[in-house]
J.: 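Handing you a structure now.
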Amino acid sequence: MFGRRADGKLLKKIDPIIALTPYLMPMRCDAQVFLNLKLDYEKIARYIVEQGQKGNKFTFMEIIMAAYVRVVSELPEINRFVANKRLYARTQLTVSFALLKETANADDVEENTVKCYFDPKDTIFDVAERVSAAIEQNRREEADNSTMKVAKLLLNPILANTIVFAARFLDRYGVMPKYIMDASPFHTSMFFTQMASIGMPAVNHHIYNFGTTSLFVSMGSVIRENTVGPDGKATRKRYLPIGITADERICAGAVYAKLVNRIMYYINNIELLETPPETVKFEENNEYSLPKPKKKRFSRKEQESVAG
C-alpha cells in the first residue's frame, strides 16, 4: 500500500510520458504489442549437439531463457511491471512456464505450472540447471507445487469468485501475501509457452490482466522456408518461430528494440552466455533476490536411521 509491494520497488525517476501511459491504458490488454521473430534453428541445433558431445544438455527453451536473463542484466527496464497505474522495478527475475506431467495413462493430459528464479549473473549452464531441476521436481504425476495447491482451492465456484476478488483487490494495493505472489505464475518477469512440444506453431499469447506479467513469449514448431544462400542460389532453411507479446507501458519502444536486438545477438553467439556478465545493471539501487532454499523435512524413520 502507498507504493510498497513485496515484489517490486516503486520507480520515481522515470520519463513523464512513460509514467502517464498507465492512466491512458489502465489494463494490460489495452497495452499489448505483438512481434514475431524467426531464430536460426540450425545454428542453435548445432550448438546443442556440440555441447551434448561435451556432456552438457541444453534445450531450445533453456537457450532462449538464458538469452533473456542476460539481456535483463543489461536492460533492467524490461523487468518492470505496472500495478494500480504505477510503475515498479521487479525485485526478482523469474520465468513461468507450463509443462505436461508424466501420467500412467498416456491419454491423460495433466499440466503443472512452474516459476523459475534466476540470478542476472547466471550463465547458460546455471539457467539450464535451474530449469532442469524445476522440471524434474514438477513433472512427476504426484507433484503438486504451491501453484497447484492454490488452484485446487478454487474448484468451488463460490469460493473461487470470493478468493479471486480478494486477490485482485489485495494485489492492486500491494498487500497481497507474499506466499500467494510466489505461488502465482502470473506474478513473473516473463511467461514462456513451449508450443512446439505439442506440435503447434508460435502464437501471440495475451498478457494476463491478473498478476504482473509484462512479457509473454511463445516458441513454435520448426518451419522451413526458401531463402537465398551466400552463393546467391535458392536454398531451404529451417527457422524457430517466436511470438512475443509485451506490455508497452513499462518502458520506451527503443528499449524494447534493444531487447529484441540483444536477444538475437546472443542467440547468434550463444557461446557468450557461457560466462557471467561483466556488470549487472539495476534500477534505482534495486536488486534481485532468490528464494531461500527450503529445509528438507525428514520422516521419523529417516531420523531414526540417521540417529542409529
Side-chain angles (χ1 to χ4, degrees), residues 28-49 57-69 71 78 94-103 106-116 124 127-128 131-132 134-135 138-139 185-186 188-211 213-229 234-248 253 256-257 259-268 270 273:
R28 287 185 182 82
C29 61
D30 297 330
Q32 293 179 142
V33 292
F34 307 99
L35 178 67
N36 296 100
L37 300 176
K38 291 185 295 185
L39 307 183
D40 190 332
Y41 171 84
E42 294 167 359
K43 180 174 290 187
I44 303 173
R46 284 196 298 270
Y47 180 83
I48 291 175
V49 171
K57 295 183 178 180
F58 295 133
T59 65
F60 290 92
M61 181 177 73
E62 291 166 351
I63 290 175
I64 294 173
M65 286 186 184
Y68 169 74
V69 170
V71 176
I78 64 176
T94 58
V95 176
S96 296
F97 58 94
L99 58 85
L100 294 176
K101 297 172 67 174
E102 295 176 346
T103 57
D107 294 329
D108 294 338
V109 178
E110 293 186 25
E111 288 188 347
N112 206 348
T113 306
V114 181
K115 184 190 293 186
C116 219
I124 190 171
V127 170
V131 173
S132 297
I135 291 176
N138 293 279
R139 175 161 280 174
F186 311 113
T188 185
S189 306
M190 179 176 77
F191 208 114
F192 190 95
T193 180
Q194 227 281 40
M195 302 299 293
S197 63
I198 53 176
M200 294 291 289
V203 298
N204 291 109
H205 198 287
H206 65 87
I207 301 179
Y208 299 100
N209 283 323
F210 178 75
T213 311
S214 300
L215 195 65
F216 209 116
V217 175
S218 162
M219 183 179 76
S221 298
V222 177
I223 58 175
R224 293 170 173 80
E225 294 184 357
N226 292 325
T227 185
V228 178
T235 183
R236 197 135 173 97
K237 192 173 180 64
R238 291 182 292 179
Y239 295 98
L240 191 65
I242 301 294
I244 299 176
T245 306
D247 184 345
E248 70 165 308
Y256 270 132
L259 162 66
V260 173
N261 289 333
R262 295 304 293 170
I263 285 182
M264 294 296 288
Y265 175 73
Y266 284 118
I267 292 297
N268 290 322
I270 307 175
L273 300 174

J.: Rounded to the nearest 0.5 Å, how far does CZ of Arg238 lie from CD1 of Ile223?
T.: 12.0 Å

J.: How many angstroms lie between atom CE of Met219 and atom CE of Met195, to the nearest 0.5 angstrom?
T.: 11.0 Å

J.: Say whether, by atom type as modelled, one donor and one acceptor occur between the side chain of Asn226 and the main chain of Ala234 under 3.5 angstrom.
T.: no

J.: What's the separation between atom OH in Tyr208 and atom CZ in Arg28, rounded to the nearest 0.5 Å?
T.: 12.5 Å

J.: Measure the acute angle between the ring planes of Phe186 and Phe191, then classify it against the limits of 30° and 60° as parallel, tilted or perpendicular.
T.: parallel

J.: According to salt bridge (Lys or Arg N to Asp or Glu O under 4.0 Å), does anything in residues 195-211 pair up with another residue at least two apart or in another chain? List the pairs.
T.: none

J.: Look only at the side chain of Thr245 and the backbone of His205, and say whether a donor-acceptor pair between them is shorter than 3.5 Å.
T.: yes

J.: Closest approach of Ala67 and Leu273, non-hydrogen atoms and distance?
T.: N-CD1, 3.9 Å

J.: Would you confirm whether Thr94, through its side chain, and Ser189, through its main-chain N or O, come within 3.5 Å as a donor-acceptor pair?
T.: yes

J.: Run Ile78 and Leu215 through side chain to side chain contact (heavy atoms under 4.5 Å, CB included) and show every step you take.
T.: CA-CA 9 Å; Ile78 64 176; Leu215 195 65; 5.9 Å; no

J.: Can you name the residues that form a ring pair (Phe, Tyr, Trp, His ring centres under 6.0 Å) with Tyr68, not counting sequence neighbours?
T.: none

J.: Donor-acceptor pair, distance only, cut-off 3.5 Å: does the side chain of Asn204 make one with the backbone of Ile244?
T.: yes

J.: For residues Val114 and Ala134, report the shortest heavy-atom separation together with the two atoms involved.
T.: CG1-CB, 3.6 Å

J.: The criterion is ring pair (Phe, Tyr, Trp, His ring centres under 6.0 Å); which residues satisfy it with Tyr41, sequence neighbours excluded?
T.: Phe60

J.: What residues, two or more places apart in sequence or in another chain, satisfy ring pair (Phe, Tyr, Trp, His ring centres under 6.0 Å) together with Tyr239?
T.: none

J.: Rounded to the nearest 0.5 Å, how far apart are CD1 of Ile207 and SG of Cys29?
T.: 10.0 Å

J.: I would like to know whether Ile48 and Ile63 meet side chain to side chain contact (heavy atoms under 4.5 Å, CB included); could you show each step before the answer?
T.: CA-CA 9 Å; Ile48 291 175; Ile63 290 175; 3.7 Å; yes

J.: Would you mind telling me which of Leu39, Val95, Ile263 makes a side chain to side chain contact (heavy atoms under 4.5 Å, CB included) with Ile64?
T.: Leu39

J.: Evaluate side chain to side chain contact (heavy atoms under 4.5 Å, CB included) for Ile267 paired with Leu240, printing each intermediate quantity in order.
T.: CA-CA 11 Å; Ile267 292 297; Leu240 191 65; over 6 Å; no

J.: How far apart are the closest heavy atoms of Phe97 and Phe192, and which atoms are they?
T.: CB-O, 3.2 Å

J.: Rounded at 0.5 Å granularity, tell me how far OG in Ser132 sits from CD in Glu62.
T.: 4.0 Å

J.: Can you sort out the partners of Lys38 under salt bridge (charged side-chain N to carboxylate O under 4.0 Å, His left out), two or more places apart, ordered by chain and number?
T.: Glu225

J.: Do you know which two heavy atoms are closest between Lys57 and Ala128, and how far apart they sit?
T.: O-CB, 4.4 Å

J.: If every non-hydrogen atom of Gly199 is compared with every non-hydrogen atom of Ser221, which pair is closest and at what distance?
T.: C-OG, 3.4 Å

J.: Side chain to side chain contact (heavy atoms under 4.5 Å, CB included), that's the test. Do Leu99 and Gln194 meet it? Break it down for me.
T.: CA-CA 8 Å; Leu99 58 85; Gln194 227 281 40; over 6 Å; no

J.: Taking salt bridge (charged side-chain N to carboxylate O under 4.0 Å, His left out) as the test, write out the residues that go with Arg46, two or more places apart.
T.: none

J.: Backbone N or O of Thr213 within a donor-acceptor pair of the Thr188 side chain at under 3.5 Å?
T.: no

J.: Can you name the nearest heavy-atom pair linking Pro241 to Val222, along with the distance?
T.: CD-CA, 4.3 Å

J.: Drop me the distance from Thr59's OG1 to Met65's CE, to the nearest 0.5 angstrom.
T.: 7.5 Å

